[in-house]
Amino acid sequence: MPRAKLRALTTVDQLVAEEWIAGGSVVDIRDVVTNFSLRISAEMRQAIGSGDHGLLRQFVPSAAELRVGPEELSDPIGDRAHMPVDGLTHRYPDRVILAVTQACDVYCRFCFRREVVGQGGLLGEAALAAALDYIRATPAINEVILTGGDPMTLAPRRLRGILEALAEMDHVALVRLHSRVPVVAPERIDSALIAALGAHPAVWIVLHSNHAAELTENARAALGRLSAAGIPLLSQTVLLRGVNDDAEVLAQLFRSFLRLKVKPYYLHHCDLARGTSHFRTTIAGGQALMAALRGRVSGTALPTYVIDIPGGFGKVPVADPWVRAGSDPGAYLLTDWRGGEHLYRDPERAI
Ligand SMILES: *Cc1c(COP(=O)(O)O)cnc(C)c1O
Ligand code: SF4
C-alpha cells in the first residue's frame with residue numbers, strides 16, 4: 001500500500017506537532033537540542049508513528065539528557081587521545097578508524113559521539129588527504145574502518161573515491177564500514193551506492209541496530225540488496241535501558257539479524273557520554289542478560305558483550321579476565337589488551 005511520504009524530522013516545532021514532547025517542557029527540549037543535534041530520518045519517523053516505544057526512546061530527545069553525571073565524559077571512548085591526524089584514530093596497531101563525516105541520518109539520543117555528530121559535515125579535502133597519506137605511509141595498517149557520523153551518508157561518488165584510494169594501498173586488506181543507514185535510511189542503498197562499495201575488494205559492513213522494530217520492510221529489503229551483492233554483514237547493538245534490556249527483545253533482534261544474513265558481532269555496554277545515564281544498565285545486568293540468552297538461542301545469534309574502557313584504552317569483552325568484580329558492588333577492575341588496569345564503577349543512577 002502506498003504511504004504518505006514523510007520527510008526527516010529536524011525541529012522542536014515538528015516534535016511538538018507530533019506530540020513527541022515527553023519527560024520535560026518544550027523549553028527543556030530546546031535546551032537539549034542546542035547541545036545535541038536532532039534528526040529523525042523519514043523511515044524511523046514513520047516507524048515511531050506506528051507506535052513502537054523502543055524506537056521513540058532512541059530518537060526523540062528527552063529532558064533527562066540535561067542531567068550530566070560526574071563520571072560522564074565529552075569524549076567517552078577517547079577517540080581524541082589517539083588521533084595522529086584530524087579524523088583518524090589509531091588505537092590498535094593493525095587498524096584505524098577514519099571519521100569521514102560528522103553527519104548521520106538520525107541522531108541517536110545515547111550516541112557516544114554525541115558531542116561531535118551533527119556539528120559539522122564532511123571531513124575536509126585536506127584532512128582526508130592527510131589521513132590517506134598517513135594510512136599509505138603506515139604499512140602496519142591492515143584494516144581501515146570508515147565511521148563518522150555515518151559513512152554511508154556519503155554520496156556514492158565520494159565513497160568510491162575513498163575506497164579506490166584505499167584499494168591502491170597493498171597493505172590495506174580490509175575496509176569496514178560502521179553504519180546505521182541500511183535501517184534508518186534504506187532508500188540510500190541503491191545500485192550506485194552498491195557499485196561504489198565494489199571499489200575495494202574486501203568491504204565489510206557492521207550494521208548498528210538496537211531493536212527488531214527498526215528492521216522495517218524497507219530496511220530488510222536494503223539488507224537483502226547488500227547481501228545479494230556479496231558484502232558480509234555484521235551487527236553492533238548498544239545495550240539500552242528501556243529499549244532492549246530484556247532477554248526476549250534481544251533474542252528477537254539477534255534472530256532477526258541471522259534471518260537477514262547479518263551475524264551478531266558486538267553488544268556494547270552504553271558508553272559514558274554526557275546526558276545518557278537514563279540509558280545505562282549495570283554491568284551485572286548486562287551479564288545476566290547474556291547468561292539468559294546462552295542456550296536459549298543459537299550460538300550463532302550471540303554477539304560478544306563488550307565495554308569500551310573510558311579514556312581510550314580500547315574495547316574488552318565483559319568477562320573474565322578482562323572484567324572482574326571489584327571489592328564492592330558495582331565496582332570492577334578492567335584489564336585492557338595491553339595489560340593496563342582501570343577501575344570502573346556503575347554510575348549511581350544505573351544501580
Ligand atoms: C572499536 C574500535 C576499533 C575496532 O575494534 P574491533 O574490536 O576490531 O571491532 C578500532 N579502532 C578504534 C579506535 C575503535 O574504537
Ligand atoms: S548513527 Fe551512530 S554516530 Fe550517528 S548518532 Fe546514531 S550512534 Fe551516533
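Order of appearance sets the numbers: ligands from 1, and atoms from 1 within every ligand.
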inquiry  = I'd like to know whether the aromatic ring centres of Tyr134 and His90 sit less than 6.0 Å apart in this structure.
reply    =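 Between His90 and Tyr134, which both carry aromatic rings, the centre distance is below 6.0 Å.
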ask   = So, for Trp337 and Phe313, is the gap between ring centers shorter than 6.0 Å?
value =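 Not close enough - the centres of the two rings lie 6.0 Å or further apart.
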ask   = To the nearest 0.5 Å, how far apart are CD1 in Ile231 and CG in Leu197?
value = 4.5 Å
message = Heavy-atom contact check, 4.0 Å cutoff: does His82 meet ligand 1?
response =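 So His82 does not count as touching ligand 1.
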note = Ranked by distance from atom 4 (Fe) of ligand 2, the top protein heavy atom is Cys104 SG, 2.3 Å
key: atom 1 (S) of ligand 2 - nearest protein heavy atom and its distance   = Arg180 CD, 3.4 Å
inquiry  = In this structure, does ligand 2 have an atom that sits under 4.0 Å from one of the heavy atoms of His208?
reply    = yes
query = Under 3.5 Å, N or O to N or O, is Asp79 touching ligand 1 that way?
reply = no
ask   = Can you list the ligand 2 atoms lying under 4.0 Å from a non-hydrogen atom of Val106?
value =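 What qualifies from ligand 2 is 4 (Fe), 5 (S).
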inquiry  = For Phe110 and Phe279, take the angle between the two ring planes, folded into 0 to 90°, and tell me which bin it lands in: parallel under 30, tilted 30 to 60, perpendicular over 60.
reply    =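 Plane angle over 60°, so perpendicular.
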ask   = Are Arg113 and Asp79 within salt-bridge range, i.e. N to O under 4.0 Å?
value =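 A salt bridge links Arg113 with Asp79.
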key: ligand 1-proximal atoms of Lys315, by part, heavy-atom distance under 4.0 Å   =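 Within the 4.0 Å criterion, Lys315 contacts ligand 1 through side-chain atoms alone.
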ask   = Does Asp246 reach the main-chain N or O of Glu248 with its side chain, forming a donor-acceptor pair under 3.5 Å?
value = yes
remark   = If you compare Pro151, Cys108, Cys111 by their heavy atoms, the one closest to atom 6 (Fe) of ligand 2 turns out to be Cys108
